[in-house]
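Structure record follows, encoded as structure tokens.
Letters A, B, ... mirror the listed sequences (proteins, then strands); counts begin at 1. The figures here come from the full heavy-atom set of this structure, side chains too, leaving out hydrogens, waters and symmetry mates.
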There are 2 protein chains.
Amino acid sequence: MKTDTVFKRAFNDALAFLAKVEDGSMLPSENELAVRLEVSRTTVRKVIASLGAAGVITGSGRERKVTASRGTIQPFPHAETVPMAAQVEERFMEWMLRDNARPGMALNELELARQFGVATTGIREFLNRFQRFGLIEKRPNAGWAFKGFTPSFAQELFEIREMFELRSARALAALPETSPCWGQLEDLRREHLKLLDEIDERYHDFSDLDSRFHRLISSAAPNRFIDSFYDIITVIFHYHYQWNKQDERQRNEVAIREHLAYIDALFGRDVEIVERACRAHLASARETLLRSTSGQS
Amino acid sequence: MKTDTVFKRAFNDALAFLAKVEDGSMLPSENELAVRLEVSRTTVRKVIASLGAAGVITGSGRERKVTASRGTIQPFPHAETVPMAAQVEERFMEWMLRDNARPGMALNELELARQFGVATTGIREFLNRFQRFGLIEKRPNAGWAFKGFTPSFAQELFEIREMFELRSARALAALPETSPCWGQLEDLRREHLKLLDEIDERYHDFSDLDSRFHRLISSAAPNRFIDSFYDIITVIFHYHYQWNKQDERQRNEVAIREHLAYIDALFGRDVEIVERACRAHLASARETLLRSTSGQS
DNA sequence: GTCAGACTTTTAATCCATAAAAAACAGTTT
DNA sequence: AAACTGTTTTTTATGGATTAAAAGTCTGAC
């Protein structure tokens with residue numbers, strides 16, 4: 001059966017939204033709420049009905065008002081708001097990056113399904129999508145082989161990343177003054193400086209900034225294959241950052257400085273210098289990832 | 001229910017194999033047949049049982065012999081030997097490349113399932129795998145959008161292809177004399193010359209040669225992401241060649257000559273010349289593909 | 001006549017069941 | 001004991017059912 005995670009997340013979001021409005025104020029229209037909660041009107045109505053049953057909203061039709069009781073009601077637990085597919089991804093990445101997932105190991109749909117508490121269909125779907133990460137391989141009629149989160153994976157990943165990033169950086173440097181990219185780059189530069197200033201408290205905010213920075217660079221000359229490769233990088237780094245906290249503050253500070261040098265190089269428009277800054281940054285990112293691979297080749 | 005396409009293909013292959021042995025000769029062991037037919041022993045036994053029931057094989061256990069009647073029995077029709085997943089791929093590619101599949105169009109799992117005569121699961125699985133081709137996009141809870149086989153698709157595809165191919169060609173040119181690649185390249189060169197000689201009769205054999213040539217080049221410095229990108233190219237070109245027969249002979253002859261120039265450049269080890277030959281070939285391949293795109297950007 | 005609200009139809013997400021194929025296990029024969 | 005064949009257990013491929021969510025349609029108030 002389809003899970004109602006969409007509804008539950010929307011319910012929680014609605015609760016959070018209502019917390020910010022005044023007691024007794026009118027509820028926005030259904031269409032307005034649908035846009036705000038990013039769900040269909042159908043789901044909004046279900047949320048409103050639940051909220052009504054919980055006493056958070058009174059009245060009906062156009063006469064719905066928010067009551068004072070909204071603070072007392074419990075949102076759904078976070079776990080119930082994440083769709084099955086996302087849960088499978090998370091659990092699989094955890095299994096791969098944290099548990100001892102040995103290269104060459106056979107993956108078994110049935111066992112993974114049992115382990116993750118979902119139907120085999122969900123596992124299959126995940127594995128099929130995950131194939132493009134280059135970490136598993138299908139053997140028709142006989143399951144999947146785990147190739148391992150190995151140094152050679154990191155090496156191959158970064159070889160491509162460097163090709164793509166150099167190409168995009170060159171394209172960005174060649175963009176006319178009038179391009180909106182320069183404004184965005186300046187904004188990002190400021191964000192970097194701000195983060196550097198508050199590095200001790202906010203160093204884990206770097207992950208997000210990093211991803212936005214590299215995506216801005218590749219947006220200079222859009223290409224769907226490059227974008228899709230960046231999705232892979234983003235996911236790998238997301239989980240990598242989540243579980244490898246070693247030296248995090250130190251690493252991030254270094255990376256911010258590398259980014260700033262890289263940004264300055266871009267503003268300088270000198271291709272040689274841009275390439276050097278780009279390579280330097282990617283080399284240290286590669287080292288970081290390499291250190292967390294499983295040691296096998 | 002799982003289809004028995006594996007069995008049927010194995011049955012047909014077994015029939016073809018038996019046609020080549022003498023009347024009354026002993027049947028090879030089950031294990032030997034399993035290796036030859038590329039299936040498990042379980043399936044081999046099923047094939048043997050069927051063959052026995054059809055009177056093609058007599059005796060049992062270790063005393064199985066091939067009878068003279070084997071020529072009279074009908075193999076399964078080809079269509080029944082192709083697994084559902086492959087059929088879905090074929091039908092989808094046909095729909096996309098031959099029928100008027102308009103960019104921006106919404107894809108509907110249920111409708112495709114009905115149209116292709118398979119369960120929705122099969123469609124979902126295909127779409128999930130096909131996503132990496134960059135031609136469709138998922139909108140969660142709301143189906144898929146077809147982005148279109150457009151000029152910009154061809155352009156973006158070839159931008160990446162050129163980056164990858166140049167990189168691999170440089171790596172190949174830098175390989176030591178002792179590398180086995182040079183021998184394989186020489187073999188391919190001869191095959192090209194032979195095909196050029198018989199171009200009028202055999203021009204459609206080029207598709208396969210093309211794919212092998214480019215795969216050899218990328219094997220000079222293996223990278224899983226590049227290999228996986230070549231899979232995309234191979235599939236796109238496979239279907240493209242299958243349905244776009246316009247000027248095929250002429251196009252292929254030109255491509256063979258380009259390949260030969262490219263191969264000579266590689267043997268010459270001069271990076272400049274290699275790059276020029278590579279670019280020239282890819283440019284004309286791109287033109288070919290561009291001509292068959294749907295005209296929209 | 002427009003727009004919010006109520007109701008209806010269609011489609012996607014998910015689980016489950018079952019046959020086919022693979023893999024593992026267990027005897028046999030030379 | 002190696003190399004088979006026979007038997008049982010697991011696992012994958014595929015269809016189908018069911019519920020949530022989205023999309024579409026109608027209705028009535030302002």
Side-chain angles (χ1 to χ4, degrees), chain A residues 1-10 27-34 37-49 60-64 83-88 106-114 117-128 138-144, chain B residues 1-10 27-34 37-49 60-64 83-88 106-114 117-128 138-144:
Chain A
M1 191 220 322
K2 197 170 179 175
T3 54
D4 57 355
T5 53
V6 173
F7 158 70
K8 286 175 174 167
R9 183 193 51 71
L27 196 69
S29 81
E30 293 180 356
N31 277 316
E32 211 171 310
L33 279 172
L37 303 176
E38 298 182 290
V39 292
S40 69
R41 253 182 75 215
T42 310
T43 304
V44 165
R45 304 197 91 238
K46 205 173 151 189
V47 169
I48 291 176
S60 70
R62 286 161 211 243
E63 296 300 322
R64 294 197 268 236
M84 183 272 277
Q87 283 185 52
V88 170
L107 295 175
N108 175 296
E109 296 178 0
L110 213 60
E111 199 187 306
L112 285 175
R114 275 193 292 257
V118 298
T120 53
T121 328
I123 301 291
R124 270 177 90 75
E125 193 176 314
F126 169 75
L127 294 175
N128 271 312
K138 190 176 177 61
R139 290 171 310 166
N141 285 310
W144 301 79
Chain B
M1 193 220 321
K2 198 170 177 173
T3 56
D4 57 355
T5 53
V6 173
F7 158 70
K8 285 176 174 166
R9 183 193 52 71
L27 196 70
S29 81
E30 293 178 356
N31 277 316
E32 208 171 311
L33 280 172
L37 302 176
E38 300 182 288
V39 292
S40 70
R41 203 158 69 80
T42 309
T43 304
V44 166
R45 303 195 93 236
K46 205 173 153 189
V47 168
I48 291 175
S60 69
R62 287 162 210 241
E63 296 298 323
R64 293 195 271 233
M84 183 272 276
Q87 282 184 51
V88 170
L107 294 176
N108 175 295
E109 296 179 0
L110 214 60
E111 198 187 306
L112 286 174
R114 274 194 292 258
V118 299
T120 53
T121 327
I123 300 292
R124 272 177 87 76
E125 192 175 317
F126 169 75
L127 294 174
N128 272 313
K138 191 176 176 59
R139 289 172 309 168
N141 285 310
W144 301 79

Could you tell me whether Arg9(A) and Glu38(A) have a side-chain N and a carboxylate O separated by less than 4.0 Å?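 Looking at Glu38(A) together with Arg9(A), the answer is no, because their closest N to O distance does not fall below 4.0 Å.
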Closest listed nucleotide, where the reference is the side chain of Lys138(B) and the choices are dT14(C), dT11(C), dA13(C):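 Looking only at side-chain atoms, Lys138(B) lies closest to dA13(C).
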Could you state the interatomic distance from CD1 (Ile123(B)) to CD (Glu111(B)), rounded to the nearest 0.5 Å?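 Rounded to the nearest 0.5 Å, the CD1-CD separation comes to 10.5 Å.
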Nearest-0.5 Å distance that lies between atom CE in Met1(A) and atom OG1 in Thr3(A):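 Between Met1(A) CE and Thr3(A) OG1, I get 9.0 Å after rounding to 0.5 Å.
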If we ignore hydrogens and angles and just use 3.5 Å, is the side chain of Asp4(B) paired with the main-chain N or O of Phe7(B) as donor and acceptor?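 Absent.
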Length of the line joining [X]:[atom1] and [N]:[atom2], which is rounded to integer Å:
X         : N       : atom1 : atom2 : result
Glu125(A) : dT12(D) : CD    : P     : 16 Å
Leu112(B) : dT11(C) : CG    : P     : 11 Å
Arg124(B) : dG16(D) : CZ    : C1'   : 14 Å
Asn108(B) : dA13(C) : CG    : C1'   : 14 Å
Ile123(B) : dG15(D) : CD1   : C1'   : 13 Å
Glu32(B)  : dA2(D)  : CD    : P     : 19 Å
Asn128(B) : dA12(C) : CG    : P     : 12 Å
Glu30(A)  : dA29(D) : CD    : C1'   : 15 Å

Which sits closer to the 5' end of DNA chain C, Pro83(A) or Glu111(B), going by the nucleotide each is nearest to?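 Nearer the 5' end of the strand: Glu111(B).
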Toward the 5' end of DNA chain C, by each residue's nearest nucleotide, Trp144(B) or Arg64(A):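 Mapping each residue to its closest nucleotide by heavy atoms, the 5'-most match is Arg64(A).
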May I ask you to say what Asn31(B) touches in the nucleic acid, namely base, sugar-phosphate or nothing, with a heavy-atom cut-off under 4.0 Å?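 The residue Asn31(B) makes base contact.
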Under 3.5 Å, is there an N or O donor on one side and an acceptor on the other linking the side chain of Ser29(A) and the base of dC3(C)?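 Result: no qualifying N/O pair found.
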Position toward the 5' end of DNA chain D (nearest nucleotide), Pro28(B) or Gly122(B):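 It is Pro28(B), whose closest nucleotide lies nearer the 5' terminus.
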Taking for each residue the nucleotide of DNA chain D with the nearest heavy atom, is it Met1(A) or Thr120(A) whose nucleotide lies nearer the 5' end?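 On the 5' side of the pair lies Thr120(A).
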So if I define the base as every atom that isn't primed, P, OP1 or OP2, how would nucleotides 21-30 of chain C read as a B/S/- string at a heavy-atom cutoff under 4.0 Å? SBBB---BB-
Do Leu37(A) and Thr43(A) have side chains that get closer than 4.5 Å, going by heavy atoms?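 When only atoms from C-beta onward are counted, Thr43(A) and Leu37(A) do not touch, as no gap falls below 4.5 Å.
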Side-chain heavy atoms of Val118(B) within contact of Gln87(B), under 4.5 Å: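 Result no, sub-4.5 Å side-chain heavy-atom pair not found.
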Name all residues meeting the salt bridge (charged side-chain N to carboxylate O under 4.0 Å, His left out) criterion together with Glu109(A); count only those two or more places apart in sequence or in a different chain, and write none if there are none.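 For Glu109(A) the salt bridge (charged side-chain N to carboxylate O under 4.0 Å, His left out) partners, ignoring immediate neighbours, are Arg124(A).
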